[in-house]
Asks: 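Following this message is one structure expressed as structure tokens.
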There are 2 protein chains.
Amino acid sequence: MGLYHLDDERQAAVHKIRKRVIENIGRNMDLYGIPVSTGHLYGLLYFADKPMNLDEMGQEMKMSKTSMSTGVRTLLDYKMVNKVWEKGSRKDLYEVEYDWYQSFVDFFDIKWRKSVESNIHVLRKALDETEKLRKAHEDDEELTAVLQEDQAKMREAVAYYKWLERLIDTLVDGEIFNYVPKEPPEGKI
Amino acid sequence: MGLYHLDDERQAAVHKIRKRVIENIGRNMDLYGIPVSTGHLYGLLYFADKPMNLDEMGQEMKMSKTSMSTGVRTLLDYKMVNKVWEKGSRKDLYEVEYDWYQSFVDFFDIKWRKSVESNIHVLRKALDETEKLRKAHEDDEELTAVLQEDQAKMREAVAYYKWLERLIDTLVDGEIFNYVPKEPPEGKI
DNA sequence: AACATTGTACAGTTTTTACTGTACGTACTT
DNA sequence: AAGTACGTACAGTAAAAACTGTACAATGTT
């Protein structure tokens, strides 16, 4: 973590402060459906002042290299960390994506959009089948009533998901920042 | 589910269509950190044409009443279902919140906001401690460099979380729908 | 007051998820 | 080509989460 040139006491003090932040980040990362330990890994990388390799991570996290491998892969899938190329080193190096706004957007673009698309697809298909069934039994008033109810609900659902898609679009194209602007960090310049 | 007056074949056809939708909703519900089975429960309630009690749910889901109880509680916490009062019945009745936009907003207002607040709190505290540590060792250039780096990162993080708070605000106060408007459901009037 | 019904706390079980160690494929080095 | 270093697939183990059955408190009924 690049602070081993400090004397032990001061190093420990820095570590202690970082640790609480890292653990909090890790804990809250379950919002993204990410295991706590992978969240910790993220936190570790967040404070690292240079890209890390799997062995270094394992050492710091006191976990197996295999776990680091899978953890990093998860974070890569979410684009929360990036692979870094460094001449000389044969090891793969990773660093966090420091643009958290981008990470937030990517999360929705990756996970939520997939879910939304799948839901719309299934609903469209169900609407189709419902319509067929309805037409095949137009004389059956009870059935018609049930099917129309279902159709109304499913059309509402599709409308909602399409809204969600548009919302994700405004995130991805950055338009959201016109509505809800970023502000510069507070504190000394 | 209110369709037992239909003949068996047609009833089965309706069930089959609903089932796939329900399962998809359930599966995608893990985005909210909700167990798949609770997602299914939600789907069941979604298609129910009247509020259900725990025994009915257990029967349909082929699961224990205890599980229904905890499942419903989870959904209540997220405001995805509402408790309904019906004179006569001693049993508690529940129905889904059909306003999915509202459910979406509530989810962020409840889960994300809590997380954001906790993160800001921890970061502010860490920034404080960092500042104290820095002032106590102003002669130590190495330490100062490390701490300033950490401070810069944490201030960025706070700025991001404050943005997230404002985003959630626009969801909660409904302003988001001025930017990304709802559209009426498609299909026949 | 005795009895019945309902929801849930809690302990125990099952199922799922996270983690580890080994073994191996790939790619670089000599 | 043999040797070495690296990342990950895979099988097994440990830990966590979901689920069930029983017991009981709260509330309503007779």
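Note on naming: letters A, B, ... go to the chains in the order of the sequence lines (proteins, then strands), and numbering restarts at 1 for each one.
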Asks: How close or far is atom C1' of D:dG21 from atom NZ of B:Lys65, stated in whole angstroms?
Replies: 13 Å

Asks: Mind calculating the distance between CG (A:Asn53) and P (D:dA5) to the nearest angstrom?
Replies: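 Going from A:Asn53 (CG) to D:dA5 (P), I get 14 Å.
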
Asks: Mapping A:Gly88 and A:Thr70 to their closest nucleotides on DNA chain C, which lands nearer the 5' end?
Replies: A:Thr70

Asks: Could you tell me whether the side chain of B:Tyr46 and the main chain of A:Lys153 form a donor-acceptor pair under 3.5 Å?
Replies: yes

Asks: Kindly say if A:Ser64 contacts the phosphate of C:dT20, meaning a side-chain N or O under 4.0 Å from OP1 or OP2.
Replies: yes

Asks: With a 3.5 Å cut-off and heavy atoms only, can you find an N or O donor on one side and an acceptor on the other between the side chain of B:Thr66 and the base of D:dG21?
Replies: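 In this structure, the two groups form a donor-acceptor pair.
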
Asks: Just do the salt bridge (charged side-chain N to carboxylate O under 4.0 Å, His left out) check on B:Arg113 and B:Asp169 with the steps written out, would you?
Replies: CA-CA 9 Å; B:Arg113 193 188 288 280; B:Asp169 288 342; 3.0 Å; yes

Asks: State whether the distance check finds a donor on one side and an acceptor on the other, under 3.5 Å, for side chain B:Arg90 versus base C:dT5.
Replies: yes

Asks: Is the closest side-chain heavy-atom distance between B:His40 and B:Met63 below 4.5 Å?
Replies: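 Sidechains of B:Met63 and B:His40: no contact.
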
Asks: What nucleotide, of C:dT20, D:dT8, C:dA18, holds the atom closest to the side chain of A:Pro35?
Replies: C:dA18

Asks: Between D:dT4 atom P and A:Lys91 atom NZ, what is the distance in whole Å?
Replies: 16 Å

Asks: Of the nucleotides C:dC19, D:dT8, D:dG7, which has the atom closest to the A:Ser37 side chain?
Replies: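 Of all the options, the side chain of A:Ser37 is nearest to C:dC19.
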
Asks: For the pair B:Phe108 and A:Trp112, name the ring-plane relationship: parallel under 30°, tilted 30 to 60°, perpendicular over 60°.
Replies: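 Judged by the thresholds at 30° and 60°, the geometry between B:Phe108 and A:Trp112 is tilted.
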
Asks: What is the distance from CE of A:Met68 to P of D:dC6, rounded to the nearest Å?
Replies: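 These atoms are roughly 17 Å apart.
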
Asks: Nearest whole angstrom, please: distance from the C1' of D:dT8 to the CG of A:Asp77.
Replies: 14 Å

Asks: Nearest whole Å is fine: how far is C:dT6 C1' from B:Met57 CE?
Replies: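 In whole Å, C:dT6 C1' and B:Met57 CE are 13 Å from each other.
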
Asks: Return the value, rounded to whole Å, for the distance between atom CE of A:Met61 and atom C1' of C:dC19.
Replies: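 It works out to 11 Å between those atoms.
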
Asks: For B:Gln59, is the CD atom crowded, meaning more than 12 foreign heavy atoms sit under 6.0 Å from it?
Replies: no

Asks: To the nearest angstrom, how far is A:Lys83 atom NZ from D:dG7 atom C1'?
Replies: 9 Å

